[in-house]
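One structure below.
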Amino acid sequence: MNARIRRGGTALATSVAATLALTACGGGTGTGTGSAADDVSASTSSPVDGGELTFAIGNDPISLNPSGTGSGNDTLYVTRQIVDSLLYQNPDTNELEPWLATSWSANADATTFTFELRDDVTFSDGTPLTATEVKGTFDDIVAAGAKSGALSSFVGYEGTNVIDDDTVEVDFATPNAAFPSSTASPALGIVAASTVAIPFDDRATGEGVVGTGPFVLESYTKDVETVLAQRAEYAWAPSALGNDGAPHLAKVTFQVVPEAGVRTGSLTSDQVDVAGGIQPTDIETLEASGFPVISRANPGNVFGVYFNNSRPIVSDVEVRKAISFAIDAEEIRDTSLNGSFAVATSVLASTTPGWADQSSYFAFDRAKAEKLLDQAGWTVGSDGVREKDGQKLSLKVAWITNFGPNQTSLELLQQQLKAVGIEITLEGGTVPEFLERQQGGDYDFAWHNQSRADGDILRTAFSTGATNYPRITDPELESLLQAQLAAGDPAERAEILAQAQERLASQYYQIPVHELTSVIGTQTTVHGLTFGADSRLDSLVGTWKEAD
């Protein structure tokens, strides 16, 4: 992979070898932040202890419960600082490394995972970390059911056994080879017993959420800010983060600034130290003004069209195929984004372990789209919208408003589909509103993405045993999704994931449009800020500011 931090329009890249773990089975290359040593804005002086960091984010976190459902990246930026994970997925190699667990092992069929824990870790309330808290956290996620965004990682969960204070065993009824990489996410961050004792819904404000992370919650004001304070006794960060002691920063404030232009303006006017969610149109402006711009291509499921197969019109593969040929993905990328965002070639982003190129199934061909619709019996009406048996070819589109370019992308998509006689109605909303619409099923296709550095994200999105919001019933696809979860050999797993992607592409269950790139702008005085393997903000334990 390439570590890249850009400043003043210059890109510096550092190549590193990719060593793949059990769940990291190949993939493409991308850009990303590296360690503090890669920070081109770093001075020659040592890190400075103290100081306060103000970080502008676009959305209120909604929930500070690590395993709850919040507003996507902005939520995870905050919760990553409060909780630690059993394992750390190195963003340069995708390899799983020690964190709260010093080591881990799996049985031959990937149904039992054993973690050896550090014996020197404490929660922010002073209580020690033991295997009991790991069991309590995992049991709590499963008990929360659909309320938890982490539930899909526990398919086939039988339970967690406490072997002794420092040894925990997690058992599944069916193979779950992706589970170790799942443990690296903030959503599976370990919380104290006192947190689990609080009703799940009551943890959203963060009150009572106790983790082992480098920061603790000082205050949360909805739609305004979340303030975190340093834990002086913290001393167990992954070595890749470059600081094995307490965080350098004394305080971090995540300030909610919904308008992207205002976030950029707040950065250039020195009102904030860091601005997240930098829009494509602002990248050149920041670089030209000398502000470091840090970017990393996101692994996982790309932005595109995810059909709801329970809806009569789009349950027809010929209609889905016609829609695919009507979409000019390159035009959408070039209009609403820029060259920092790749045109997608599969449902998986090219930076995802297990990615396989499926671009042969997707090509813009308006004439072919029109021919397919004609053959399917959809004729153009007097208003330009196609009809069949008295029904208009009119579709509802569900989408999330938390990424600025989404609206521009969808308005262009709307024009492209209108050109072949398809009418779409855009119904946007916040993450919780979008999820509610997905669960209710009152939409024809959804526009979204999902970030995760493991190809198993296909199962969590499309398996009948997981969320399966696309409502697909396809035994061949289901067999592949389950088979990759049972494959312990990385090469075998990559091949199965490639077959699953081809099945999704050949049936046009999903139409890939563009990959996501996470972009953050900083002051030149900020150092050691990095993205994790999922291209979300990593732990800030190694981040520091130059003294005023």
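The basis for the numbers below is simple: all heavy atoms, side chains too, and nothing from hydrogens, waters or symmetry mates. Residue numbers start at 1 and run along the sequence shown.
Counting only N and O atoms by type, the side chains of Thr460 and Ser152 include no donor and acceptor under 3.5 Å apart. Looking only at atom types and distance, the side chain of Asp270 has a donor-acceptor partner in the side chain of Gln523 under 3.5 Å away. A side-chain donor-acceptor contact under 3.5 Å links Glu133 and Thr130. With hydrogens and angles left out, the side-chain atoms of Ser71 and Asn402 include no donor and acceptor closer than 3.5 Å. Using modelled atom types, one finds a donor on one side chain and an acceptor on the other under 3.5 Å when comparing Gln271 with Ser269. Side-chain contact check for Asp171 and Thr112: at least one donor-acceptor pair (N or O, by modelled atom type) lies under 3.5 Å. Between the side chains of Trp447 and Asn406, at least one donor N or O sits under 3.5 Å from an acceptor N or O. Counted by atom type alone, Asn90 and Glu95 present zero donor-acceptor pairs between their side chains at under 3.5 Å. When only modelled atom types and interatomic distance are considered, Tyr234 and Asn243 share no side-chain donor-acceptor pair under 3.5 Å. Side chains of Arg452 and Ser182: a donor on one and an acceptor on the other come within 3.5 Å. Side-chain atoms of Glu116 and Thr167 include a donor-acceptor pair closer than 3.5 Å. Under the 3.5 Å distance criterion, with hydrogens and angles disregarded, no donor-acceptor pair is assigned to the side chains of Arg471 and Asn309. Side-chain contact annotation: Asn468 with Ser463, donor-acceptor N/O pair under 3.5 Å absent.
The closest donor-acceptor contact from the side chain of Asp244 to the backbone of Ala235 lies at 3.5 Å or more, if one exists at all. A donor-acceptor distance shorter than 3.5 angstrom exists from the side chain of Asn308 to the backbone of Gly441, with no hydrogens or angles considered. Using modelled atom types, no side-chain atom of Thr253 and backbone atom of Val227 make a donor-acceptor pair closer than 3.5 Å. Asp166 contributes no side-chain N or O that, together with a main-chain N or O of Leu117, makes up a donor-acceptor pair within less than 3.5 Å. Counting only distance, with no hydrogens or angles, the side chain of Lys545 and the backbone of Val526 share no donor-acceptor pair below 3.5 Å.
Atom-to-atom distance recorded for Arg296:CZ and Ser451:OG is 10.0 Å, nearest 0.5 angstrom. Distance check, rounded to the nearest 0.5 Å: CZ of Phe254 to CD of Glu225 gives 12.0 Å. With rounding to the nearest 0.5 angstrom, the CG atom of Asp282 is 3.5 Å from the OG1 atom of Thr264.
Tyr77 and Phe55 have perpendicular rings, their planes meeting at more than 60° on a 0 to 90° scale where under 30° would count as parallel. Ring geometry, Phe179 versus Phe115: the interplanar angle exceeds 60°, so the pair is classed perpendicular (tilted spans 30 to 60°). Ring planes of Tyr157 and Phe154: perpendicular class, angle over 60° (limits at 30 and 60°). Classified by interplanar angle (parallel below 30°, tilted 30° to 60°, perpendicular above 60°), the ring pair Trp104/Phe113 is tilted.
A salt bridge links Arg203 and Asp140; the closest N-O separation between the charged side-chain nitrogens and carboxylate oxygens is under 4.0 Å. Salt bridge annotation for Asp442-Arg311: present, with a cationic side-chain nitrogen under 4.0 angstrom from a carboxylate oxygen.
You'll find the ring centres of Tyr306 and Phe445 outside the 6.0 Å limit.
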